[in-house]
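Below, chain A is the first sequence line, B the second, and so on; all start at residue 1.
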Protein chains: 2
Amino acid sequence: MEYSADECAREVLEVVPVVMRGIRTELRSHRGGDISVPQFRTLFYVSRHEGPSLSQVAEHVGLTMPSMSRIVDGLVARRLATRETHQGDRRRMTLALTTHGHAKLRSARQTTEAYLSQLFRTLPSAKRDTVVEAMRVLRTIFAETGSR
Amino acid sequence: MEYSADECAREVLEVVPVVMRGIRTELRSHRGGDISVPQFRTLFYVSRHEGPSLSQVAEHVGLTMPSMSRIVDGLVARRLATRETHQGDRRRMTLALTTHGHAKLRSARQTTEAYLSQLFRTLPSAKRDTVVEAMRVLRTIFAETGSR
DNA sequence: TATTGTTATACTCTATAACTATA
DNA sequence: TATAGTTATAGAGTATAACAATA
């Protein structure tokens, strides 16, 4: 079809916010305590890295340090994460998930993926392939955009 | 490739928030006064419909009426939109953009689309096609999700 | 001095519940 | 009674600027 970069930009700008709203609504209506998108992303990152620092998480999630500091406040208050001073460099924090945090992340993922999955289930598989491939393209393009 | 609906859901859940953050950051760093994503979407909807009511906009943007009422408060305060009582049904509001509102929408779109476009420019055109087609699939699937 | 993180401050977004005005 | 919208209330997300502690 040979779509231009401009056409591509227009479509992404119109559609991505709509999809995002679906995701946010689903996460927030999670039974047994909701969770915000930034909280979810933070839990996700921390679960996959070994005791990351605050700035590391902020960098990868794409937020400023004060914003991330607030988000971690909330996670710690809800007993989903722990925040300890790093051994060796007392300026740094070492973040980790509690058992409860791991469980919350798992159930939030499951519920939200189930919601999305149900929307995709009736699609012809060629269209699902298109969506997956597009996500991989976007992931690559935006990979190094998270820097502040 | 035959990806499953679950695989599709996983990819969307991981990638869409990242793209969304890029869009938000670009909109908010707009020279000459920033604008939030919900404000942008509201301006966009109002610009394309004839004097819509508050509930109409709320429905299509995917927010509750109180939330939309606040957002319109902000737009009116910034002289980007007008809000008048509907002639014939005095319960309803009639929304419209000011000249300034049209200009702001136009420049915000231009700037943000230029930012995205520049990211897409170096892609092989087959990948751009994939992205555009995926957006159209997602648009269809999520079209009727905006209901509260 | 440079780095890491928090606090202060100020907005916006968002929802639910309660209310007002109109139909 | 039902509909359209606002207000009250509460909490989260977000940024910039200023600060504290450590290296």
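- Using a distance-only test at 3.5 Å, with no hydrogens or angles considered, no donor-acceptor pair links the side chain of A/Ser69 to the main chain of A/Met65.
- Rounding to whole angstrom units, CD1 of residue B/Ile23 and P of C/dC13 are separated by 16 Å.
- Of the candidates C/dC13, D/dG13, D/dG5, the closest approach to any side-chain atom of B/Gln39 belongs to C/dC13.
- The distance between atom CG of A/Leu27 and atom P of D/dG13, rounded to the nearest whole Å, is 12 Å.
- For the OP1/OP2 pair of C/dT14 and a distance below 4.0 Å, the side-chain nitrogens and oxygens of A/Arg24 include at least one atom meeting the criterion.
- Looking at which nucleotide of DNA chain D each of A/Ile71 and B/Thr94 is closest to, the 5′-most match is held by B/Thr94.
- Taking only side-chain nitrogens and oxygens, A/Ser69 never comes nearer than 4.0 Å to OP1 or OP2 of C/dT7.
- The CZ-C1' distance, from B/Phe40 to C/dT12, rounds to 17 Å in whole Å.
- Using a 4.0 Å heavy-atom criterion, one finds that B/Met65 contacts the bases of the nucleic acid, with or without backbone contacts as well.
- For A/Arg136 and B/Glu7, the salt-bridge test passes: some basic side-chain N is under 4.0 Å from an acidic carboxylate O.
- No side-chain heavy atom of A/Ser29 sits under 4.5 Å from any side-chain heavy atom of A/Asp34.
- Whole-Å rounding puts the B/Glu84 CD to D/dG5 C1' distance at 16 Å.
- For CZ of B/Arg79, the number of neighbouring non-hydrogen atoms (other residues, nucleotides, ligands) closer than 6.0 Å is 12 at most.
- Across the protein-nucleic acid pair, A/Ile35 atom CD1 and D/dA12 atom C1' stand 13 Å apart, rounded to whole Å.
- In this structure, A/Met68 places its CE atom 16 Å from P of C/dT7, rounding to the nearest Å.
- Distance CZ (B/Arg92) to P (D/dT6): 13 Å, rounded to an integer number of Å.
- Two residues, B/Leu54 and A/Arg70, neighbour DNA chain D, and the one matched to the more 5' nucleotide by heavy-atom proximity is B/Leu54.
- Between the C1' atom of D/dG13 and the CG atom of A/Asp73 lies a distance of 12 Å, rounded to the nearest Å.
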Inset, instruction - Decide salt bridge (Lys or Arg N to Asp or Glu O under 4.0 Å) for B/Glu2 and A/Lys127; before the verdict, give the C-alpha distance in whole Å, the side-chain angles of both, and the deciding distance to 0.1 Å. - result: CA-CA 10 Å; B/Glu2 293 285 328; A/Lys127 292 196 174 185; over 6 Å; no
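- Dashed line: the shortest gap from a side-chain N or O of B/Arg83 to OP1 or OP2 of D/dT6 is under 4.0 Å.
- Annotation: cation-pi pair A/Arg48/A/Phe44 present, NZ/CZ under 6.0 Å from the ring centroid and within 45° of its normal.
- Within the model, atoms CG of B/Leu116 and OG1 of B/Thr111 stand 11.0 Å from one another, a figure rounded to the nearest 0.5 Å.
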Inset, instruction - Summarise how protein sits on nucleotides 16-23 of chain C as a single string, 5' to 3': B when a protein heavy atom is under 4.0 Å from the base, S for sugar-phosphate-only contact, - for no contact. - result: BB----BS
